[in-house]
Every structure is written in structure tokens, then in C-alpha cells.
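Side chains are part of it too, since the values below use all heavy atoms of this structure and drop only hydrogens, waters and symmetry mates. Sequence positions, counted from 1, serve as the residue numbers for this chain. In this text, all values refer to a predicted model and were calculated from it rather than measured experimentally.
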Amino acid sequence: MEQQLHQAEQHIGSHSKGNVVQAARSEIHQGHLVLINRENPIQQVISTGSLLPLSSFPAIHTLSDNMLLERTCLQHLNDLLEACEGVHDIIAVSGYRSRLEQEMIYQSSLVENGAEYTACYVALPNQSEHQTGLAIDVGKRNKDDKDVNFIAPSFPDSGVYLTFKQLAARYGFIQRYKEGKEAITHISCEPWHFRYVGYPHAAIMERNDWCLEEYIDQLRSFPYEEDHLVFEDEHACVSIYYVPAAGEGTTTNTTDIPVVPCDHYTVSGNNSDGFIVTAYRDKGSQANV
């Protein structure tokens, strides 16, 4: 993948402000880069208008009917399945869950699997990424799909499953819980659980072997006023930086977010203390980052 992307990360020390957008403090809990874990629980329920049924893409096999995902996440999941040629071999096991569904799954696992197992593989209600619509559990299809393990589906390191993992970052997905990161994530390795964070964030995390907790922490080292994190591939040069949210108890409930000159940008909250700006300058563009 690296040979195809010709990607490079570097720091830049000079930049000029393009425009300023305002965001309410509550918006730190929204966006593709929200960090959900036991220290940073769900603060805002995703709107139903942001969700789409997986049946919107009839080729995708699902373990149950009426599965939902956040719109952008679902589109890129479909693209990834097509790219790895795994549409017929990979099944979507679990997508968006409401708080009530997560509570039922947690309690059911306690009864069936015990407290130790459940603590390793099932998040408490409001601590589950599935409640954002940005997480998808995938598995290897069986002759009878009903035999797929809902909590820990098989997803081997071979064939189309390995290709899925290798291409995931290019389509904005990370394996959220990896071996060796348990002390940080407090979740055991889950080869089947993928989280949409968007490109190039997923590619940067994969290259540096960062889990989402580590990446969000690293981004605080790149405030707007100082060096930005810059990612480059054959298509674009991307500037990424952090803007702290206005503090609670201040006279304003909004944050002014400066945006450097670019062709397009996104702003995501981190679900903790600020915003992450991702500014894209297309190769050949006249915009100056």
C-alpha cells in the first residue's frame, strides 16, 4: 500500500489562516474521529438521519436484517468489500446498536460467557463504538450464516479476509482493537472489529502502529498555532491540526476554528476536549496550505 500511496508525513512551521468556522462546545462529541472508550463515553446519540440500512447495498451479506451504519462509513465499507473482492465471502455481523441493544448484549454475554470474557470483548452501554454507527464487526461466511459467532466472529489472516485488512486503511478503516494495545484500549484483540475514522487518518495510524487513543493524544501536539501534521500521497497534501474547545464555564459556548487555505476540509470533535481539522489541498491546486 505504501508504494501505491507514495505517502509522507512531515511537519510544517508556516501557514496562513483561510477562514474561521464556529462550533458549539457540544460538537466535540460529533464526527468521524470521536474517541469512545470507558474514559470517554457516548455523549450524543447519533441522529437516525445519519444512518443507512446495509440493505442499501444488496450485495452485502448481513447476519441479521435491518442492520444500520453511518452513511459515509457504509459507503466506504461497500467500496472496501468490492476492492478486496470479499463481497461473497465476508458477512457483516454487527453494525449500529442503540444503548438498549448494547445493554441487552452485555447482560446476555454475562450470562452465557461470564464476567471475565465479557469484560474483554463487550463494552458497557455508552462505551461502545457501535452506538456511533461507525463500527462494523465482520466475519467469515459459513454455509449456514446463522452459525457465525456474534460476539467473536472468525476473521482469519488469509485470503480475502487478509486482503480486507490490508486495504482497510485506504478506505478509512482501522482494526480498532489490536494485540499489544490492550493496556490502552482495555479491550482484547478483536480481528473482526473495524472502525471508520476516514482517510488519511487510518493510513497514518497504521503506519505508526497507533490505536485511536494514541492518535488522538498525538494530535494534541499539532495545534493550529504551531506545526501541523502533514500527510501526502499522489492525490493531495493534507494538513491536520488540533483546536481546543472553549472551556466549560467561559463566557462563550462556541469555539472559533481557523481553517487554513485548502480545497476542502472536515472538522471532527474528539469526544474529549477539542476539534481536529483535516484540510485537503489537491495536487495541482492553487490553494496554499
Side-chain angles (χ1 to χ4, degrees), residues 1-21 23 27 30-35 50 70-84 134 163-176 194-212 214-243 256-270 274-289:
M1 182 176 70
E2 290 188 6
Q3 291 180 343
Q4 294 177 336
L5 295 177
H6 305 295
Q7 60 184 251
E9 289 168 273
Q10 54 186 305
H11 307 299
I12 58 176
S14 62
H15 44 270
S16 59
K17 184 164 64 177
N19 65 317
V20 175
V21 296
E27 292 181 73
Q30 303 172 15
H32 290 150
L33 288 169
V34 290
L35 173 62
S50 298
E70 189 268 348
R71 289 172 177 269
T72 305
C73 172
L74 176 54
Q75 177 63 64
H76 285 84
L77 173 65
N78 182 69
D79 294 343
L80 173 56
L81 287 169
E82 289 183 350
C84 74
L134 296 170
T163 305
F164 180 101
K165 296 175 184 180
Q166 292 171 333
L167 294 179
R170 188 66 181 86
Y171 291 87
F173 289 90
I174 56 169
Q175 181 186 322
R176 177 64 174 94
F194 287 82
R195 160 67 191 271
Y196 183 78
V197 295
Y199 179 88
H201 302 288
I204 295 171
M205 292 170 65
E206 285 295 303
R207 180 174 179 176
N208 291 281
D209 190 30
W210 289 333
C211 63
L212 186 54
E214 292 173 303
Y215 185 53
I216 294 300
D217 190 52
Q218 287 286 337
L219 288 177
R220 294 189 180 96
S221 302
F222 299 96
Y224 168 75
E225 297 82 4
E226 300 178 18
D227 290 354
H228 298 172
L229 176 61
V230 173
F231 178 96
E232 186 175 357
D233 64 15
E234 71 273 23
H235 300 298
C237 183
V238 187
S239 181
I240 304 167
Y241 54 93
Y242 165 77
V243 178
D256 289 338
I257 301 176
V259 180
V260 296
C262 58
D263 292 298
H264 55 103
Y265 68 91
T266 62
V267 177
S268 174
N270 63 10
F275 301 92
I276 298 157
V277 179
T278 310
Y280 302 82
R281 181 186 60 176
D282 299 333
K283 289 290 179 71
S285 167
Q286 297 301 310
N288 294 312
V289 176

| query | With a 6.0 Å cut-off on ring centres, are Y224 and F275 close enough? | reply | no
| task | May I ask you to check whether T266 and H32 show a side-chain donor-acceptor distance below 3.5 Å? | result |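 Distance-only check fails for T266 and H32.
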Shortest non-hydrogen separation from [X] to [Y] and the atoms involved:
X    : Y    : value
D233 : K283 : O-NZ, 2.7 Å
A202 : G172 : CB-C, 3.6 Å
I240 : F222 : O-CB, 4.1 Å
V260 : A279 : CG2-CB, 3.6 Å
V230 : C237 : CG1-SG, 3.5 Å
H201 : V197 : CD2-O, 3.8 Å

Once rounded to the nearest 0.5 Å, what's the spacing between atom [atom1] of [X] and atom [atom2] of [Y]?
X    : Y    : atom1 : atom2 : value
Y280 : D263 : OH    : CG    : 12.0 Å
Y265 : I257 : OH    : CD1   : 8.5 Å
Y215 : I276 : OH    : CD1   : 7.0 Å
D217 : L212 : CG    : CG    : 11.0 Å
L35  : R195 : CG    : CZ    : 8.0 Å
D227 : S239 : CG    : OG    : 10.0 Å

| said: Under the criterion side chain to side chain contact (heavy atoms under 4.5 Å, CB included), I'd like the reasoning laid out for V243 against V267: C-alpha separation, chi angles, the key distance, then a yes or no. | reply: CA-CA 10 Å; V243 178; V267 177; over 6 Å; no
| request: Check the angle between the aromatic planes of H228 and Y241 and answer parallel, tilted or perpendicular using the 30° and 60° thresholds. | output: parallel
| query | side chain to side chain donor-acceptor pair (under 3.5 Å) with Q218: which residues, sequence neighbours excluded? | reply | none
| Worked check of side chain to side chain contact (heavy atoms under 4.5 Å, CB included) between L33 and N270 | CA-CA 6 Å; L33 288 169; N270 63 10; 5.8 Å; no
| query | Which of these, Y171, F164, F173, sits in a ring pair (Phe, Tyr, Trp, His ring centres under 6.0 Å) with F194? | reply |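 When Y171, F164, F173 are each tested with F194, the ring pair (Phe, Tyr, Trp, His ring centres under 6.0 Å) holds only for F164.
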| query | Yes or no on side chain to side chain contact (heavy atoms under 4.5 Å, CB included) for E82 and N78, after CA distance, side-chain angles and deciding distance? | reply | CA-CA 6 Å; E82 289 183 350; N78 182 69; 3.5 Å; yes
| request: Run the numbers on L80 and R170 for side chain to side chain contact (heavy atoms under 4.5 Å, CB included), then give the verdict. | output: CA-CA 8 Å; L80 173 56; R170 188 66 181 86; over 6 Å; no
| field | Backbone N/O of C211 and side chain of E214: donor-acceptor pair under 3.5 Å | value |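 The answer is yes, because a donor-acceptor pair under 3.5 Å joins these two groups.
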